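Side-chain atoms are counted along with the backbone in the values below, which use heavy atoms only and exclude waters and symmetry mates. Remember, it's a predicted structure, so these values are computed and weren't measured experimentally. When a residue number appears, it is its place in the shown sequence, counting from 1.
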Amino acid sequence: MARARSSASRWRYCNPSYYLKRPKRLALLFIAFVCVSFLVWDRQTLVREQEIEVARLNAELTHLQDLLDELKSIGGNAGGVSGRNGKSSKKSTVPDDPIDIQRREKVKDAMLHAWSSYEKYAWGQDELQPQSKNGVNSFGGLGATLIDSLDTLYIMGLDEQFQRAREWVANSLDFNKNYEASVFETTIRVVGGLLSAYDLSEDKLFLEKARDIADRLLPAWNTPSGIPYNIINLAHGNAHNPGWTGGDSILADSGTEQLEFIALSQRTGDPKYQKKVENVIIQLNKTFPADGLLPIYINPHRGTSSYSTITFGAMGDSFYEYLLKVWIQGNKTAAVKHYREMWETSMKGLLSLVRRTTPSSFTYICEKNGDSLHDKMDELACFAPGMIALGSLGYGPEESQKFLSLAEELAWTCYNFYQSTPTKLAGENYFFHSGQDMSVGTSWNILRPETVESLFYLWRLTGNKTYQEWGWNIFQAFEKNSRIESGYVGLKDVNSGVKDNMMQSFFLAETLKYLYLLFSPSSVISLDEWVFNTEAHPIRIMTRHDNGEKLGGSDGQQKQFYRLRGRKEGRRVDD
């Protein structure tokens, strides 16, 4: 009511009598200006409020539909064991939209184009350079694009392509390389990609290869604090940090191995992987700040943070993501409760960084250095709307709605990162100045997935098809600006559209996968049964009840039981 009264009072300025004492021409011009301004303002406000209300109602409808499905499944397989392509065996009550089918096929065609170009010009190498039609080994020759693409091929039903990739993994993949590898990148792309391929296909080859590379990474955690060094030689096991960090470890690089290494321990029965990565969280929790915000540099000897930037963008982002996702991975039991508690603390800190622009009230997340806030947001931070929406489900009704609304506001900003440029593709980061809304900073686009990722989560969680429309617009912009005869390339400048010469592996692993799932039924890689690592590799949720006990082994100690979410029977981790 207050808003209605305020709106009505403004319209008195549109009454000609208000301007009787003013020159006629000036008065009429001013009337027109004021009236049009109020019309635009009221329309924008109404549209935003309608979108939020529709999202809320769709979320309630989805929740009621889930309850109905659960009631229908009583006495049968309540969880719906996932089968081929990660689809639930439980029948979907919502028919597949013909437009979704058409768009999904377009995305699948894009994946085929990207993959076929990789096969033709860069087979077995890490990444394709489409313009020069050659491959480069930017990750030491581990076949990064091939491994990153395994689960995408499987989910899309590209069986022949998947089998050819599987044969390369079996016959040609060799980790014994004299290469200084990023522990973080190797974990999320290679360990995560292999584990996901294993969980989807149940082919033990992928699990054996995941264990091989993980064993080569483990010496990185041999530091006084247990905070890992971020670089390691795969052949010799020598670990260190990059010189430009001053010897410190990076927050995201140290806090983004938990999903993969816990999953590896669950599936092999060997506790060493889980123990190494969970010790990192234990150490950080000892001095966890009241606002839950950690600087991006950590001293690996003391285990304490060094004075540096706080950000949900580069070098900070996925630490916060994994606090939430390890809680989901463990099926939200007491054994992983401390991850959720740390995440909720960090979300209180995130709220302190939220600002809104003028005149359009775009919501964004600042960066912080000491007591100073910087009005800058990376496109990388556009994973946050999806994370916040996913995490909102763990709150009570009032807090849940508050965080879901924040996620929707941030997603609108991230979508406008794309819409604000001539190419309709987002730059790498944006600055916010009073009265100017947003302006692109670093203007390249390297085919990043973060905004599409958030649109996927918001669509799955709210049922609001607006997020599908935004995703489709972004996909069309990629098709128009990045697709060439020999693959996909990024842009050196989103304003001019000048192309670069790299098809990043995450374009196949993340961007195209999230777009495909955005137009797929919710039963395909159900969020009730799978959790995505930060490289969009789905890993099965397995209930944890370890309570600090050790995983199995050959010393006669009791083996832990993990339960696949949605399955009635427990199964040992070494089954």
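- At least one donor-acceptor pair closer than 3.5 Å links the side chain of S454 to the backbone N or O of G386.
- Taking 4.5 Å as the limit, every side-chain heavy atom of F432 sits out of range of all side-chain heavy atoms of D437.
- The existence of a salt bridge linking K513 and E510 is excluded, since no basic side-chain nitrogen approaches an acidic carboxylate oxygen closer than 4.0 Å.
- T309 places no side-chain N or O within 3.5 Å of a backbone atom of T311 that could act as its donor or acceptor partner.
- Taking all atoms of both residues into account, the shortest heavy-atom contact from L425 to S482 is CD1-OG, 3.9 Å.
- Between Y488 and F507, the ring planes lie tilted relative to each other; the angle falls in the 30° to 60° range.
- For the residue pair Y364 / E409, no side-chain donor-acceptor distance below 3.5 Å is found, with atom types taken as modelled.
- A pairwise comparison of heavy atoms in C366 and R355 identifies SG-CG, 3.4 Å as the closest pair.
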Margin query: Checking M315 against D253 for the side-chain contact (heavy atoms from CB on, under 4.5 Å) test, could you report, in this order, the C-alpha distance in whole Å, the side-chain angles of both residues, the deciding distance, and whether it holds?
Written below: CA-CA 7 Å; M315 297 190 286; D253 286 24; 5.7 Å; no

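- Paired with F417 under the rule ring pair (Phe, Tyr, Trp, His ring centres under 6.0 Å), one option of Y430, F362, W412, F431 passes, and it is Y430.
- Closest non-hydrogen pair, S196 versus P538, comes out as OG-O, 2.8 Å.
- Within the 4.5 Å cutoff, the side chain of H113 has no heavy atoms near those of the K108 side chain.
- A salt bridge between E344 and K348 is absent, with no side-chain N of the basic residue lying under 4.0 Å from a carboxylate O of the acidic one.
- From E257, atom CD reaches atom CG of L264 across 13.0 Å, with rounding to the nearest 0.5 Å.
- T333 places a side-chain N or O within 3.5 Å of a backbone atom of R544 that can act as its donor or acceptor partner.
- The aromatic rings of Y457 and Y514 are tilted relative to each other, their planes meeting at an angle between 30° and 60°.
- Enclosure of atom CD1 in I99 is not indicated, since only 12 or fewer non-hydrogen atoms of other residues, nucleotides or ligands lie within 6.0 angstrom.
- Listed for the E367 side chain is no donor-acceptor partner under 3.5 Å among the backbone atoms of H374.
- By the 6.0 Å contact criterion, NZ on K376 is enclosed, its count of non-hydrogen atoms from other residues, nucleotides or ligands being greater than 12.
- In this view, D100 and K465 satisfy the salt bridge (charged side-chain N to carboxylate O under 4.0 Å, His left out) rule, not counting sequence neighbours.
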Next item on the list: Please report the C-alpha distance between R104 and D97 in whole Å, then the side-chain angles of each, then the deciding distance to 0.1 Å, and finally whether the salt bridge (Lys or Arg N to Asp or Glu O under 4.0 Å) criterion is met.
Entry: CA-CA 10 Å; R104 190 164 68 237; D97 189 322; over 6 Å; no

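- With rounding to the nearest 0.5 Å, the separation of OG1 in T421 from CG in N481 is 8.0 Å.
- Atoms CD and CD1, on Q419 and I474 in that order, are 7.5 Å from each other to the nearest 0.5 Å.
- With respect to the salt-bridge test (charged N to carboxylate O, under 4.0 angstrom), the residues E428 and R448 qualify.
- Closest approach of M342 and F288 over heavy atoms only: O-CE2, 3.6 Å.
- With salt bridges taken as basic N to acidic carboxylate O contacts below 4.0 Å, none links R189 and E260.
- Within the 4.5 Å cutoff, side-chain heavy atoms of L527 are placed close to those of F532.
- Looking at T423, its side chain never comes within 3.5 Å of a backbone N or O of G497 through a donor-acceptor pair.
- Judged by distance alone, with hydrogens and angles left aside, the side-chain atoms of S392 form a donor-acceptor pair with the main-chain N or O of A389 at under 3.5 Å.
- Note on ring orientation: taking the six-membered ring where Trp is involved, the planes of W343 and Y395 are tilted (angle from 30° to 60°).
- For D148 and H537, the side-chain atoms include at least one donor-acceptor pair closer than 3.5 Å.
- Between the side chain of T358 and the backbone N or O of S434, no donor-acceptor pair lies under 3.5 Å.
- Side chains of W115 and L146 form a contact here, defined as non-hydrogen atoms less than 4.5 Å apart.
- Once rounded to the nearest 0.5 Å, the distance linking OG1 of T451 with OH of Y415 reads 11.0 Å.
- When atom types are taken as modelled, the side chain of N533 and the backbone of I188 share a donor-acceptor pair closer than 3.5 angstrom.
- For the residue pair T442 and N429, a side-chain donor N or O sits within less than 3.5 Å of a side-chain acceptor on the partner.
- A donor-acceptor pair is defined here as one N or O able to donate and one able to accept, closer than 3.5 Å; no such pair exists between the side chain of E379 and the backbone of A426.
- Closest approach of P385 and A381 over heavy atoms only: CD-O, 3.9 Å.
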Check: Could you walk me through whether E105 and M156 pass the side-chain contact (heavy atoms from CB on, under 4.5 Å) check?
Finding: CA-CA 9 Å; E105 287 303 308; M156 291 185 181; over 6 Å; no

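- Atom-to-atom distance recorded for L512:CG and Y516:OH is 12.0 Å, nearest 0.5 angstrom.
- Counting only N and O atoms by type, the side chains of T534 and E321 include a donor and acceptor under 3.5 Å apart.
- Inspection of the N464 and T466 side chains reveals an N or O donor paired with an N or O acceptor under 3.5 Å.
- For E450, there are no salt bridge (charged side-chain N to carboxylate O under 4.0 Å, His left out) partners at least two apart in sequence or on another chain.
- With rounding to the nearest 0.5 Å, the separation of CG in D317 from OG1 in T256 is 7.0 Å.
- Side-chain contact check for F478 versus N445: some heavy-atom pair is nearer than 4.5 Å.
- At least one donor-acceptor pair under 3.5 Å links the side chain of S352 to the backbone N or O of G349.
- Residues Y418 and V494 have side chains not in contact (no heavy-atom distance under 4.5 Å, counting atoms from C-beta outward).
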Item checked: CA sep, side-chain torsions, deciding dist, call: Q258, V277, side-chain contact (heavy atoms from CB on, under 4.5 Å) -> CA-CA 5 Å; Q258 284 69 29; V277 296; 3.9 Å; yes

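- Nearest heavy-atom pair, L515 versus G471, reported as atom, atom and distance to 0.1 Å: CD2-O, 3.5 Å.
- Residues E535 and F506 have side chains in contact (heavy-atom distance under 4.5 Å, counting atoms from C-beta outward).
- Checking each of R356, M377, E408 against T363 for a side-chain contact (heavy atoms from CB on, under 4.5 Å) leaves exactly one that passes, namely R356.
- By the neighbour-count criterion of 12 heavy atoms within 6.0 Å, atom NZ of K492 is sparsely surrounded, having that number or fewer from other residues, nucleotides or ligands.
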Next item on the list: In sequence, state the C-alpha distance, the side-chain angles, and the governing distance for L406 and V354, and then conclude on side-chain contact (heavy atoms from CB on, under 4.5 Å).
Entry: CA-CA 9 Å; L406 174 61; V354 171; 4.2 Å; yes

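- Counting heavy atoms from C-beta outward, L491 and I446 have side chains that stay 4.5 Å or more apart.
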